Amino acid sequence: MMDCLFCKIANKEVPAEIVYEDDKFIAFNDIKPVTPVHLLIVPKKHIPSVDHLKSKDQRLMGELFLVAQKIARGKKLKGYKLIINVGRPAGQLIDHLHLHLLSGEPMQLP
């Protein structure tokens with residue numbers, strides 16, 4: 001998707017604080033973190049949301065959660081939340097499926 005911000009990050013057309021990358025996924029710091037650790041884990045394959053998943057994406061989605069586990073273990077997180085927002089009413093702002101990895105106490109807004 002040419003106008004997709006996350007596709008541009010994955011293609012290194014837009015800078016991001018990348019914390020993990022392999023051939024299928026990229027993970028980077030959220031630009032508006034709500035916890036001390038707030039990462040976005042994004043499949044490089046453009047899928048607009050969970051509502052757009054096909055049966056052929058089943059393995060990719062399983063791997064998405066294993067990547068989250070790998071990152072959390074690498075950061076030695078004691079606990080974390082994984083969140084996927086689906087659609088604008090649920091808070092999805094970018095039309096590219098992504099998993100939020102959150103750890104730590106919620107930060108106070110200024």
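Note that the coordinates shown come from a computational prediction; the quantities given were computed from them, not determined experimentally.
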Nearest 0.5 angstrom please: [X] [atom1] to [Y] [atom2], how far?
X      : Y     : atom1 : atom2 : result
Phe28  : Glu21 : CZ    : CD    : 10.5 Å
Ile41  : Phe65 : CD1   : CZ    : 9.0 Å
Leu102 : Ile83 : CG    : CD1   : 4.5 Å
Leu93  : Asn85 : CG    : CG    : 8.0 Å
Ile94  : Phe6  : CD1   : CZ    : 5.0 Å
Asn29  : Ile18 : CG    : CD1   : 10.5 Å

Write down the atom of [X], the atom of [Y], and the distance for their closest heavy-atom approach.
X     : Y     : answer
His46 : Cys7  : ND1-SG, 3.4 Å
Leu39 : Lys75 : CD1-CE, 3.9 Å
Leu82 : Ala68 : CD2-CB, 3.8 Å
Pro33 : His38 : CA-ND1, 3.3 Å
Ala10 : Ile26 : CA-CD1, 4.0 Å

Do His52 side-chain atoms and Pro48 backbone N/O form a donor-acceptor pair below 3.5 Å? no
When you measure from the side chain of Glu13 to the backbone of Lys8, do you find a donor-acceptor pair of N or O atoms at a distance under 3.5 Å? no
With Asp57, which residues qualify under salt bridge (Lys or Arg N to Asp or Glu O under 4.0 Å), at least two apart? Lys45
Quick one: name the residues clustered hydrophobically with Ile31, using the 4.5 Å side-chain heavy-atom rule over I, L, V, M, F, W, Y, and just say none if it's on its own. none
State yes or no: do [X] and [Y] share one hydrophobic cluster built from I, L, V, M, F, W and Y residues joined by side-chain heavy-atom distances below 4.5 Å, directly or via other members?
X     : Y     : answer
Tyr20 : Leu5  : no
Leu99 : Val34 : no
Ile84 : Val67 : yes
Leu40 : Val37 : no

pair [X]-[Y]: side-chain heavy atoms closer than 4.5 Å:
X      : Y     : result
Leu53  : Asp51 : no
Leu97  : Val42 : no
Pro43  : Leu60 : yes
His100 : Tyr80 : no
Glu105 : Thr35 : no

Do Ile47 and Met61 pass the side-chain contact (heavy atoms from CB on, under 4.5 Å) test, and can you show the C-alpha distance, the side-chain angles, and the key distance before you say yes or no? CA-CA 11 Å; Ile47 302 169; Met61 290 306 294; 5.5 Å; no
Identify whether the distance between the nearest side-chain nitrogen and carboxylate oxygen of Lys70 and Asp22 falls below 4.0 Å. no
Give a yes or no on this: more than 12 heavy atoms of other residues, nucleotides or ligands lie within 6.0 Å of atom CZ of Arg59. no
Evaluation steps, side-chain contact (heavy atoms from CB on, under 4.5 Å), between Ser103 and Leu77: CA-CA 7 Å; Ser103 184; Leu77 300 178; 3.8 Å; yes
His98 and His96 aromatic centres sub-6.0 Å: no
Steps toward side-chain contact (heavy atoms from CB on, under 4.5 Å) verdict (Arg88, Asp95): CA-CA 9 Å; Arg88 294 289 182 276; Asp95 293 326; 2.9 Å; yes
